[in-house]
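In what follows, a single structure is set out as structure tokens and then discussed.
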Protein chains: 4
Amino acid sequence: MSLREKKTAKKKADILRSAVEVIAEKGYHATTMEDIAAKLLMTKGSVYYYFKDKQDLLYQSYKMLLEQSNKMITEIINMNLPIKEKLEKVMKSHIVFIISERSSYGLKVKPEHYFEGEQLEIIFGLQENYANSFDQLIEEGIQAKIFSEVDVKIVRNLIIGAMNWVIQWYSTEGKKSAEEMAEIISEYLMKILIRS
Amino acid sequence: MSLREKKTAKKKADILRSAVEVIAEKGYHATTMEDIAAKLLMTKGSVYYYFKDKQDLLYQSYKMLLEQSNKMITEIINMNLPIKEKLEKVMKSHIVFIISERSSYGLKVKPEHYFEGEQLEIIFGLQENYANSFDQLIEEGIQAKIFSEVDVKIVRNLIIGAMNWVIQWYSTEGKKSAEEMAEIISEYLMKILIRS
Amino acid sequence: MSLREKKTAKKKADILRSAVEVIAEKGYHATTMEDIAAKLLMTKGSVYYYFKDKQDLLYQSYKMLLEQSNKMITEIINMNLPIKEKLEKVMKSHIVFIISERSSYGLKVKPEHYFEGEQLEIIFGLQENYANSFDQLIEEGIQAKIFSEVDVKIVRNLIIGAMNWVIQWYSTEGKKSAEEMAEIISEYLMKILIRS
Amino acid sequence: MSLREKKTAKKKADILRSAVEVIAEKGYHATTMEDIAAKLLMTKGSVYYYFKDKQDLLYQSYKMLLEQSNKMITEIINMNLPIKEKLEKVMKSHIVFIISERSSYGLKVKPEHYFEGEQLEIIFGLQENYANSFDQLIEEGIQAKIFSEVDVKIVRNLIIGAMNWVIQWYSTEGKKSAEEMAEIISEYLMKILIRS
DNA sequence: CATGAATGAGTATTCATTCAT
DNA sequence: GATGAATGAATACTCATTCAT
């Protein structure tokens, strides 16, 4: 990749990050291209130089988010750790990520509303990948008799829901750092799984 | 209340319910007055007879939701039941309500974005009321040594988060009814609290 | 049709006429919705109440134009007149229409650029209809040995082209009225056909 | 002219030809600088090295067209040929030129919309020159009693209109070559003039 | 000379809101 | 009370134009 290409890639990534943040904060429709651009001291026009349209920006933002989380969960799965610690690590990473990126792995409404065709398929694929990885960890724990025999999908959804909701109530002004909060939360959520 | 007043009140409530549903489905900004009116075979114009503006509609919708949940939680608190059963009942009601109304107790983004001044205070008050009631139940359980000594606020947020997220994944086409699902979920979430 | 419906239909027709004129004058892309609205002392918003979008406005304008000319040519074809007079009448009507409506039967570029799918088919159909009617008149004249044996399609295109071009050079400030000019032109163009 | 200047001149001419074609195809406003540049595998930026702005490009394109046609008509006028053949030659050249350059001597709308001041004068001058040359040929034919006594200006406009319209209907996929078509058309149009 | 990038003015379009009937 | 119509403010998007490298 040439220097110029690197610069372009960086700029694109910057815009995506900016977009993720603003959209997570205000919602897709309430976010204007102006908002996203202003945050980076750019003009709308520039953003359009890098992205086809607002929807494209949303798609790529969301895709980036999901890819990052898939990368994260895959790495952790491949670590040589006890299953319980793996799952805790995943949860903590998930929570810290949400807090630090000020975003959410979950759109505030169904992807079907925003994407269609190939885009929707890719997004669904990535979501499924993450969900499956999560499920895999839970199942492994169940096999190992460390987790109780729960309905994997439901429990996974509950845990992800509880984590994604954190952005609604966690305040950076509070006493606890993101990491501390992630530690506490993962401990609590683990209780849903741990054999008593 | 005269007949006319009753009729008006009913119409208002109808509109609110319609609004709650569409807004929950598509998000506030993506929802047009047309959408809300069309669902009731009305015209936009008529809606304005009953509500000052779109924001007012949102406010009253959301307030209604919160009032209903507060009413619900208060009734359950006053029942003569073991604490564990009370909390389970609250959770089940919360979940069933979310599924049936196809809405969410939580706006998809912070209330601060939509309300201000007195409205915001009232909304915050109602949310606090609900949170406090929830906390009260948790604390009672802790006092009674039935629940373990968790950080009440965090756990409450986790549970509410997990429940509010249900709308993102529960499908009415699935095998389980809302009640069955609520039963299962509340059982799982209860594990966060129950002493092991 | 109720009074209200009549009013709406009239308004629509007014907008179409306004659009036809401005678009014929400045071209589709150079014409703004503002231009069209301003001409009728309306706001853009109002125009959008009656028409889906700018393209829709163009389509309906053009369709109206073609329908009117088809109606005109059909009426003349059905008159009980010598073939030569029929064709002259068609030409004169065509020319007077172009001058009075300040528009052109022909878009300035190919319809394919503006329409697609069903719209394009309908436009093509209407154009074909007009062309066929024109051809029919020419052929009739040839059969009757009044016109010479020309290539019907080419001659039709030449005549229509010459007439559509009138809008480029006819000035309302000149000495001749539209009718006089139409008279002269049709006489000249007839020479292409008349047996010598 | 130095080599460099020659190169520059060639590039300019290339761009002009490209511009003429695209503008004739899509219309001035629908044509983007990108379109023109892309056709020559250039970037927009480069085009600006050679031309001040889009309007300048249009002006020079159009001027070039008119100059070429003036050159053509002048050459033919100066040939030693019977008047009838001269006019036929002019028409054929005009038609072949339009078809080959895929452009039109006539802008799709009035020059007044695109040019002003000196530019407009020059364009008008060139148009007038062409028109006058055309008229001169017609008048010569009338003097020679070969053409009938028509209104020169009107007939000239009719003939030019019929020819400029060719681009709207002539298809390169048809059986007839541009030259054959030009032959046929000029023959037909000549009938307007020829004494019967 | 060429070009990638940035910009801003202009335009289509949407939609909450108003109001006369 | 209801509604068809009208409006204008807001916003996505395009594209001619500029300029640093």
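Every chain is numbered from 1 and lettered A, B, ... according to where its sequence line falls, protein lines coming before strand lines. If you're wondering where the values come from, they're calculated on a predicted model, not measured in any experiment.
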Here the gap from A:Glu5 atom CD to A:Thr8 atom OG1, rounded to the nearest 0.5 Å, amounts to 7.5 Å

Please set out all donor-acceptor pairs under 3.5 angstrom arising from side-chain atoms of residues 36-51 of chain A, sequence neighbours excluded.
residue, atom, partner, partner atom, Å
A:Lys39, NZ, A:Glu21, OE2, 3.3
A:Thr43, OG1, A:Ser46, OG, 3.4

Between A:Thr31 and D:Gln55, whichever has its closest DNA chain F nucleotide further toward 5' is A:Thr31

Interatomic distance, CG@C:Leu120 vs CD1@C:Ile123, rounded to 0.5 Å, equals 8.0 Å

Here the distance between atom P of F:dC13 and atom CD of A:Glu34, to the nearest Å, is 13 Å

D:Glu116, CD atom: more than 12 neighbouring heavy atoms under 6.0 Å: no

note: A:Lys12, atom NZ; E:dG4, atom P; distance rounded to Å ~ 14 Å

Whole-Å distance, A:Met33 CE to E:dG8 P, equals 16 Å

Between OH of B:Tyr48 and P of F:dT7 the distance, given in whole Å, is 17 Å

Notebook entry, point to check: So does C:Asp14 pair up with C:Lys11, basic N to acidic O under 4.0 Å?
Noted result: no

Taken to the nearest whole Å, OH/C:Tyr28 to P/E:dT11 is 14 Å

C:Lys26 NZ to E:dG10 C1', in whole Å, measures 13 Å

dist B:Leu126:CG -> B:Gln68:CD (nearest 0.5 Å) comes out at 11.5 Å

Contact check, side chains of B:Gln119 and B:Lys63, non-hydrogen atoms, under 4.5 Å: no

When rounded to whole Å, the CG to P distance for the pair B:Leu58 and E:dC15 reads 17 Å

Under 4.0 Å, counting only non-hydrogen atoms across every strand here, what does C:Ser2 touch: a base, just sugar-phosphate, or nothing? nothing

So which protein N/O to nucleotides 3-6 of chain F N/O distances come out below 3.5 Å?
residue, atom, partner, partner atom, Å
F:dT3, OP2, B:Thr43, OG1, 3.2
F:dT3, OP2, B:Ser46, OG, 2.9
F:dG4, O4', C:Arg4, NH1, 3.1
F:dA5, OP1, C:Thr8, OG1, 2.2
F:dA5, OP2, C:Tyr49, OH, 2.8
F:dA6, OP1, C:Lys11, NZ, 3.0
F:dA6, OP2, C:Tyr50, OH, 2.5

For DNA chain F, the dot-bracket notation using Watson-Crick and G-U wobble pairs below 3.5 Å, [ ] for pseudoknot-type crossings and | for other-strand pairs, is .||||||||||||||||||||

Separation between NZ (C:Lys7) and NZ (C:Lys10), nearest 0.5 Å, reads 10.0 Å

- Please tell me if the side chains of C:Gln60 and C:Met64 come closer than 4.5 Å, counting only heavy atoms from C-beta onward. no

When rounded to whole Å, the NE2 to P distance for the pair C:His29 and E:dT11 reads 13 Å

